[in-house]
Amino acid sequence: KKIEKKDLKELYQDSDIKLAADIIKNGGLVAFPTETVYGLGANALMEEAAKKIYAAKGRPSDNPLIVHISKVEDVWHIAKRIPHIFYELAKKFWPGPMTLVLKKKEIVPDATSGGLDTVAIRLPENNIARSLIEVAGVPVAAPSANTSGRPSPTRASHVFEDMNGRIDMIIDGGAVGIGVESTIVDLTGDIPTLLRPGAITLEMLIEICGEVEVDPAIENLLSNSEAPKAPGMKYKHYAPKADMRLIKGNENDVLDYLRSKIKKADHGIAILTIDEHLKVLHSEGKNNNIKILSLGSIMDMESIAHNLFDVLRQCDELGVSEIISESFDESGIGRAIMNRLKKAAGFNIIDV
Ligand code: TXA
Ligand code: MG
């Protein structure tokens, strides 16, 4: 049954939310919508419940979970040594698509924190998410509700594809708004460090913090000796089944490259492009091996973030053996888009 957007007060009364909250309180798993992607929720303070998440996702146990809360004060239960900048960021961007890493208190079990002495915390904006946490009365650990390695789910149907039979309940809140996961900022060092880019952009963070470091794992493939600070960033991610690469270059060279691919393709290739390039690519004529998919309009980068994971999942359904995607400018939300595209492509980039 689909739970439509309602206001918070109505949702607190909702019997479906009560049922979901009871499942979580008692150690079960519930997938629920957030404004970024669907999450797979469990009681963050119950070791056994958090462990079930790793089993359902097939997730490596050293990859910690984000703990979701419903009001800022809940942070005091689970984190300590909270710096002043935390309150400034929370005031500006919570509820919303930002996760903050703080020193954890003992009460947070190792299964939730992946054995680290820190905990990642987010106060989501989505009404269903917030009332679920509020009614459950416990912080809710929730990674993205996909099988480990697959694109994050932006619709309940994606969750169903990956999690059917492995979890207790899915709350269908329709398609999510943003489409890429939250921005993660580590506040345990002297200077705030961006660990994962999202809809709260680096530019927006710098406005509040003054100085922000960027974990190099966001933009480049690390050598084996380097480790990203967000453990999850080291795993191949969002990876479609086909071989994927990104093309980079000036617009005319990129279009020339794609045209020649369209002419010559003798195996299934998906081309991920933008609305503005559809006409010229289609004018190349028909080649049944080629599937041209638009990520959205270059004039509306938010639409590209919104469609990204859905399009990557579509590529799997098309059964192509190769995916070629256009690249984007890495400013604003473009940094988050390029981070997900590069990871999906295993940092396989062609300069044309
Ligand atoms: O938008 C989101 O953040 C979504 C929704 C459901 O809220 N959740 C999400 O969770 O994306 P997940 O588990 O797919 O990604 C969590 C990321 C991983 O890369 C993990 O390594 C990192 O957060 N992380 C969690 N705890 C951390 C910690 N204590 N220190 C550094 N990184 C941490
Ligand atoms: Mg994830």
Side-chain angles (χ1 to χ4, degrees), residues 3 11 14 16-71 74-75 77-79 99-102 104-116 118-124 126-150 152-153 156 158-173 176 181-182 184 230-232 235:
I3 299 183
L11 278 167
D14 198 307
D16 295 313
I17 293 287
K18 285 217 174 73
L19 175 62
D22 275 341
I23 292 173
I24 287 193
K25 210 166 26 191
N26 295 317
L29 300 183
V30 175
F32 62 96
T34 81
E35 67 277 21
T36 56
V37 299
Y38 273 77
L40 178 56
N43 185 337
L45 302 183
M46 206 188 265
E47 179 103 38
E48 288 313 310
K51 279 188 179 155
K52 284 187 194 167
I53 289 182
Y54 293 91
K57 282 181 60 89
R59 177 173 175 127
S61 62
D62 67 343
N63 191 2
L65 310 173
I66 293 177
V67 177
H68 296 69
I69 57 176
S70 62
K71 49 188 185 310
D74 293 346
V75 163
H77 286 301
I78 52 179
T99 297
L100 298 172
V101 176
L102 297 168
K104 84 171 180 83
K105 280 190 174 163
E106 283 295 301
I107 192 173
V108 181
D110 275 347
T112 298
S113 68
L116 299 176
T118 55
V119 59
I121 306 173
R122 180 159 102 83
L123 172 43
N126 179 286
N127 279 348
I128 294 173
R130 264 192 299 151
S131 67
L132 175 62
I133 302 161
E134 174 82 37
V135 176
V138 292
V140 174
S144 50
N146 52 287
T147 308
S148 199
R150 290 211 77 201
S152 294
H158 298 161
V159 180
F160 190 81
E161 258 169 48
D162 284 14
M163 292 294 155
N164 184 27
R166 299 169 175 223
I167 63 178
D168 300 300
M169 183 174 176
I170 299 173
I171 302 178
D172 184 348
V176 300
E181 306 88 342
S182 63
I184 305 180
Y235 297 106

- Measuring from S144:OG to L65:CG, what's the distance to the nearest 0.5 Å? 10.0 Å
- Query: If you look at every heavy atom in A31 and I167, which pair is closest and at what distance?
  - Reply: CB-CD1, 3.8 Å
Distance-only check: which donor-acceptor pairs under 3.5 Å involve side-chain atoms of residues 43-52, not counting sequence neighbours?
from	atom 1	to	atom 2	distance (Å)
N43	OD1	L45	N	2.9
E47	OE2	A111	N	3.3
K52	NZ	G27	O	2.7

- Any idea which heavy atoms bring A56 and R166 closest together, and the distance? O-NH1, 2.6 Å
- Item | Value rounded to 0.5 Å, distance of CD1 in I128 from CD1 in I133 | 12.0 Å
- Note on the structure: Those residues at least two apart in sequence (or on a different chain) that pass side-chain hydrogen bond (donor to acceptor under 3.5 Å, both in side chains) with T112 are none
- Query: Hey, is the main chain of G173 close enough, under 3.5 Å, to the side chain of Y38 for a donor-acceptor pair?
  - Reply: yes
- Query: What pairs with D22 under salt bridge (charged side-chain N to carboxylate O under 4.0 Å, His left out), at least two apart in sequence or on another chain?
  - Reply: K25
- Item | Name of the residue among I17, L132, L11 meeting side-chain contact (heavy atoms from CB on, under 4.5 Å) with N127 | L11
- Query: How close do A129 and N126 get, heavy atom to heavy atom, and via which atoms?
  - Reply: N-OD1, 3.0 Å
- Note on the structure: Rounded to the nearest 0.5 angstrom, the NZ-OH distance for K57 and Y54 is 10.0 Å
- Note on the structure: Rounded to the nearest 0.5 Å, the CG atom of L40 sits from the CD1 atom of I170 at a distance of 9.5 Å
- Item | Heavy-atom donor-acceptor pair, R59 side chain to P64 backbone, under 3.5 Å | yes
- Task: Would you name the heavy atoms of I121 and A79 that are closest together and state the gap between them?
- Result: CD1-CB, 4.0 Å
- Kindly say whether T147 contributes a backbone atom to a donor-acceptor pair with the side chain of D162 at under 3.5 angstrom? yes
- NZ/NE/NH1/NH2 to OD/OE distance under 4.0 Å, E35 and R122: yes
- Message: Would K104 and I78 count as a side chain to side chain contact (heavy atoms under 4.5 Å, CB included) here? Give the steps.
- Response: CA-CA 6 Å; K104 84 171 180 83; I78 52 179; over 6 Å; no
- Message: So which atom in L29 and which in D168 form the shortest heavy-atom distance, rounded to 0.1 Å?
- Response: N-OD2, 2.8 Å
- Any idea which heavy atoms bring V30 and A20 closest together, and the distance? CG2-O, 3.7 Å
- Are side-chain N/O atoms of T36 and S182 paired as donor and acceptor at under 3.5 Å? no
